[in-house]
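Report on one structure; see the data block that follows.
Residue numbers count from 1 along this sequence. Owing to the predicted nature of the structure, the values given are computational and were not obtained by experimental measurement.
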Amino acid sequence: MITKIIDNIRKRLYGRIFVCPVCHFKMTQADIEKGGFVVCPVCGAVLQVVDSAGFIFTVVVDMETYRHQLRMRLHPVSASFPLSLIPASILLTIVYLLTGNPLFEQGAYYSLIGGVGASFVGFGSGLYDWFRRFSRRRYFIIRSKICLSIVFLLIGVGCLVWRTLNPSVVMDSHLYRWIYILGVLLLVPIGITLGHLGGNMVYGE
(Lines give C-alpha, C1' and ligand atoms only; values in the text may rest on other atoms or scores of the structure.)
Protein backbone atom coordinates (compact mmCIF):
# COMPACT_ATOMS: atom_id res chain seq x y z
CA MET A 1 0.00 0.00 0.00
CA ILE A 2 2.71 2.49 1.04
CA THR A 3 4.89 1.45 -1.92
CA LYS A 4 2.02 2.13 -4.35
CA ILE A 5 1.46 5.58 -2.86
CA ILE A 6 5.18 6.42 -3.15
CA ASP A 7 5.26 5.13 -6.74
CA ASN A 8 2.24 7.27 -7.66
CA ILE A 9 3.95 10.36 -6.21
CA ARG A 10 7.08 9.52 -8.20
CA LYS A 11 5.10 9.21 -11.42
CA ARG A 12 3.42 12.57 -10.93
CA LEU A 13 6.65 14.38 -10.07
CA TYR A 14 9.23 12.62 -12.23
CA GLY A 15 7.43 10.62 -14.92
CA ARG A 16 6.98 6.91 -15.44
CA ILE A 17 8.96 4.36 -13.46
CA PHE A 18 11.26 1.67 -14.83
CA VAL A 19 13.64 -0.71 -13.09
CA CYS A 20 17.27 -1.54 -13.57
CA PRO A 21 17.43 -5.05 -15.11
CA VAL A 22 20.55 -5.84 -13.07
CA CYS A 23 19.64 -4.84 -9.49
CA HIS A 24 15.93 -3.91 -9.96
CA PHE A 25 16.40 -0.42 -8.53
CA LYS A 26 13.51 1.86 -9.50
CA MET A 27 14.24 4.93 -11.61
CA THR A 28 12.08 7.45 -13.44
CA GLN A 29 12.03 9.25 -16.77
CA ALA A 30 13.50 12.31 -15.06
CA ASP A 31 16.70 10.31 -14.42
CA ILE A 32 17.36 9.73 -18.13
CA GLU A 33 20.24 11.81 -19.47
CA LYS A 34 20.73 13.21 -22.96
CA GLY A 35 20.92 10.49 -25.59
CA GLY A 36 18.54 8.21 -23.70
CA PHE A 37 21.10 6.76 -21.31
CA VAL A 38 21.10 6.45 -17.53
CA VAL A 39 23.57 4.99 -15.03
CA CYS A 40 22.01 3.01 -12.19
CA PRO A 41 23.10 4.66 -8.92
CA VAL A 42 23.15 1.33 -7.06
CA CYS A 43 24.94 -1.17 -9.33
CA GLY A 44 26.51 1.15 -11.92
CA ALA A 45 24.84 -0.44 -14.96
CA VAL A 46 24.80 1.89 -17.98
CA LEU A 47 21.34 1.56 -19.48
CA GLN A 48 19.92 2.63 -22.80
CA VAL A 49 16.30 3.54 -22.24
CA VAL A 50 13.81 3.17 -25.08
CA ASP A 51 10.25 4.47 -24.88
CA SER A 52 8.16 2.57 -27.44
CA ALA A 53 4.39 2.18 -27.76
CA GLY A 54 3.85 3.48 -24.25
CA PHE A 55 6.32 1.04 -22.67
CA ILE A 56 9.82 1.69 -21.35
CA PHE A 57 12.52 -0.83 -22.26
CA THR A 58 16.03 -0.87 -20.83
CA VAL A 59 19.14 -2.46 -22.31
CA VAL A 60 22.43 -2.86 -20.44
CA VAL A 61 25.18 -1.47 -22.68
CA ASP A 62 28.02 -1.15 -20.18
CA MET A 63 28.96 -1.22 -16.50
CA GLU A 64 30.46 1.72 -14.62
CA THR A 65 33.19 -0.25 -12.90
CA TYR A 66 35.10 2.64 -11.34
CA ARG A 67 33.52 4.83 -8.72
CA HIS A 68 34.87 6.94 -5.90
CA GLN A 69 34.56 4.63 -2.90
CA LEU A 70 35.24 6.95 0.00
CA ARG A 71 37.33 5.33 2.70
CA MET A 72 35.67 7.41 5.36
CA ARG A 73 31.94 7.11 4.73
CA LEU A 74 31.04 10.21 6.69
CA HIS A 75 27.56 10.62 5.22
CA PRO A 76 25.85 7.44 6.47
CA VAL A 77 27.46 7.88 9.89
CA SER A 78 26.62 11.56 10.33
CA ALA A 79 23.12 11.08 8.88
CA SER A 80 22.35 8.53 11.60
CA PHE A 81 22.89 10.92 14.51
CA PRO A 82 19.76 13.05 13.91
CA LEU A 83 17.70 9.85 13.74
CA SER A 84 18.72 9.07 17.32
CA LEU A 85 19.15 12.51 18.92
CA ILE A 86 15.87 14.04 17.70
CA PRO A 87 13.71 11.20 19.15
CA ALA A 88 15.80 11.47 22.33
CA SER A 89 14.93 15.17 22.51
CA ILE A 90 11.23 14.35 22.14
CA LEU A 91 11.42 11.61 24.78
CA LEU A 92 13.14 13.93 27.26
CA THR A 93 10.52 16.60 26.59
CA ILE A 94 7.76 14.10 27.37
CA VAL A 95 9.53 13.09 30.60
CA TYR A 96 9.78 16.76 31.54
CA LEU A 97 6.05 17.27 30.92
CA LEU A 98 5.31 14.27 33.14
CA THR A 99 7.74 15.08 35.96
CA GLY A 100 8.26 18.84 35.78
CA ASN A 101 12.00 18.37 36.29
CA PRO A 102 13.75 21.12 34.25
CA LEU A 103 16.87 18.97 33.85
CA PHE A 104 14.98 16.79 31.37
CA GLU A 105 13.97 19.85 29.34
CA GLN A 106 17.60 20.99 29.25
CA GLY A 107 18.62 17.52 28.10
CA ALA A 108 16.03 17.74 25.33
CA TYR A 109 17.51 21.07 24.25
CA TYR A 110 21.07 19.70 24.13
CA SER A 111 19.87 16.65 22.18
CA LEU A 112 18.21 19.00 19.69
CA ILE A 113 21.47 20.93 19.33
CA GLY A 114 23.34 17.69 18.62
CA GLY A 115 20.72 16.44 16.16
CA VAL A 116 20.50 19.67 14.18
CA GLY A 117 24.29 20.12 14.21
CA ALA A 118 24.84 16.58 12.94
CA SER A 119 22.26 17.14 10.20
CA PHE A 120 24.46 19.90 8.74
CA VAL A 121 27.38 17.48 8.59
CA GLY A 122 25.13 14.86 7.01
CA PHE A 123 23.84 17.33 4.43
CA GLY A 124 27.33 18.53 3.50
CA SER A 125 28.79 15.02 3.28
CA GLY A 126 25.80 13.93 1.19
CA LEU A 127 26.46 16.71 -1.30
CA TYR A 128 30.12 15.69 -1.38
CA ASP A 129 29.14 12.08 -2.17
CA TRP A 130 26.79 13.34 -4.88
CA PHE A 131 29.56 15.37 -6.51
CA ARG A 132 32.27 12.71 -6.24
CA ARG A 133 30.54 9.33 -6.40
CA PHE A 134 27.49 10.11 -8.52
CA SER A 135 29.01 12.80 -10.75
CA ARG A 136 26.17 15.23 -9.92
CA ARG A 137 23.65 13.17 -11.88
CA ARG A 138 20.15 14.44 -11.20
CA TYR A 139 18.56 11.23 -9.92
CA PHE A 140 15.05 11.77 -8.62
CA ILE A 141 15.95 10.04 -5.36
CA ILE A 142 18.87 12.41 -4.76
CA ARG A 143 16.73 15.45 -5.59
CA SER A 144 14.11 14.18 -3.15
CA LYS A 145 16.76 13.75 -0.45
CA ILE A 146 18.12 17.26 -1.02
CA CYS A 147 14.65 18.84 -0.82
CA LEU A 148 13.72 16.90 2.32
CA SER A 149 17.08 17.72 3.90
CA ILE A 150 16.51 21.43 3.35
CA VAL A 151 13.05 21.17 4.95
CA PHE A 152 14.60 19.23 7.86
CA LEU A 153 17.28 21.90 8.37
CA LEU A 154 14.80 24.79 8.17
CA ILE A 155 12.47 23.26 10.76
CA GLY A 156 15.33 22.10 12.97
CA VAL A 157 17.14 25.44 12.95
CA GLY A 158 13.83 27.26 13.48
CA CYS A 159 13.02 25.20 16.58
CA LEU A 160 16.58 25.52 17.87
CA VAL A 161 16.65 29.31 17.47
CA TRP A 162 13.21 29.57 19.05
CA ARG A 163 14.24 27.52 22.08
CA THR A 164 17.52 29.48 22.39
CA LEU A 165 15.84 32.88 22.30
CA ASN A 166 12.98 31.76 24.52
CA PRO A 167 14.29 29.15 27.01
CA SER A 168 10.88 28.87 28.69
CA VAL A 169 8.93 28.01 25.53
CA VAL A 170 8.33 24.45 26.75
CA MET A 171 7.99 25.35 30.41
CA ASP A 172 5.23 27.91 29.89
CA SER A 173 1.72 26.54 29.57
CA HIS A 174 0.51 28.17 26.40
CA LEU A 175 -0.15 27.33 22.75
CA TYR A 176 3.42 28.11 21.70
CA ARG A 177 4.65 25.14 23.71
CA TRP A 178 2.68 22.71 21.54
CA ILE A 179 3.64 24.44 18.29
CA TYR A 180 7.30 24.07 19.26
CA ILE A 181 6.88 20.40 20.20
CA LEU A 182 5.01 19.74 16.97
CA GLY A 183 7.89 21.29 15.02
CA VAL A 184 10.37 18.94 16.68
CA LEU A 185 8.02 16.00 16.12
CA LEU A 186 7.90 16.75 12.39
CA LEU A 187 11.63 16.12 12.19
CA VAL A 188 11.13 12.43 12.97
CA PRO A 189 9.10 11.32 9.90
CA ILE A 190 11.27 13.53 7.66
CA GLY A 191 14.42 11.94 9.08
CA ILE A 192 13.00 8.43 8.72
CA THR A 193 12.10 9.13 5.09
CA LEU A 194 15.62 10.41 4.42
CA GLY A 195 17.09 7.28 6.00
CA HIS A 196 14.79 5.08 3.92
CA LEU A 197 15.78 6.79 0.66
CA GLY A 198 19.44 6.59 1.60
CA GLY A 199 19.10 2.89 2.35
CA ASN A 200 17.53 2.37 -1.08
CA MET A 201 20.57 3.95 -2.72
CA VAL A 202 22.90 1.57 -0.88
CA TYR A 203 20.98 -1.70 -0.92
CA GLY A 204 18.40 -1.16 -3.67
CA GLU A 205 14.64 -1.45 -3.21
Decide whether I113 and L103 are clustered together by the hydrophobic rule: side chain heavy atoms of Ile, Leu, Val, Met, Phe, Trp, Tyr closer than 4.5 Å, transitively. no
Does any part of the side chain of P41, heavy atoms only, come nearer than 4.5 Å to the side chain of M27, both counted from C-beta? yes
Locate the shortest heavy-atom distance separating H75 from G122; write the atom from each residue and the value. ND1-O, 2.8 Å
How close do Y176 and V169 get, heavy atom to heavy atom, and via which atoms? O-CG2, 4.0 Å
Rounded distance [0.5 Å steps], OH in Y110 versus CG in L92: 12.5 Å
Is T193 reaching over with its side chain to a backbone N or O of P189, donor-acceptor style, under 3.5 angstrom? yes
Given 3.5 Å as the limit, does a donor-acceptor pair link the side chain of W162 with the main chain of P167, or not? no
Within a 6.0 Å radius of atom OH on Y180, are there more than 12 heavy atoms belonging to other residues, nucleotides or ligands? yes
Side chain to side chain contact (heavy atoms under 4.5 Å, CB included) with L182: which residues, sequence neighbours excluded? none
Within a reach of under 6.0 Å around CZ of F37, are more than 12 heavy atoms found that belong to other residues, nucleotides or ligands? yes
Once you round to the nearest 0.5 Å, how far does CG of D62 lie from CG of L47? 10.5 Å
Distance col, row L153:CG vs L148:CG, nearest 0.5 angstrom, shows 11.0 Å
If I take atom OG from residue S119 and atom CD1 from residue I155, how far apart are they, to the nearest 0.5 angstrom? 11.5 Å
Looking only at atom types and distance, does a side-chain atom of D31 sit under 3.5 Å from a main-chain N or O of T28, one as donor and one as acceptor? yes
Would a hydrophobic clustering, with Ile, Leu, Val, Met, Phe, Trp and Tyr connected at side-chain separations under 4.5 Å, put V46 with V19? no
Same hydrophobic cluster for L83 and L91, using side-chain heavy-atom links shorter than 4.5 Å among ILVMFWY? no
Donor-acceptor under 3.5 Å (R177 side chain, D172 main chain): yes
Just checking, is any N or O donor in the side chain of Y139 or S144 under 3.5 Å from an acceptor N or O on the other one? no
Using atom types as modelled and distance alone, determine if a side-chain donor or acceptor of R143 lies under 3.5 Å from a backbone N or O of R138. yes
From Y96 OH over to Y109 OH, what is the distance, rounded to the nearest 0.5 angstrom? 15.5 Å
Can you tell me how far apart CD1 (I181) and CD1 (I90) are? Round to the nearest 0.5 Å. 9.5 Å
Take V95 and N101 through the test side chain to side chain contact (heavy atoms under 4.5 Å, CB included) and record every step on the way to the result. CA-CA 8 Å; V95 174; N101 189 332; over 6 Å; no
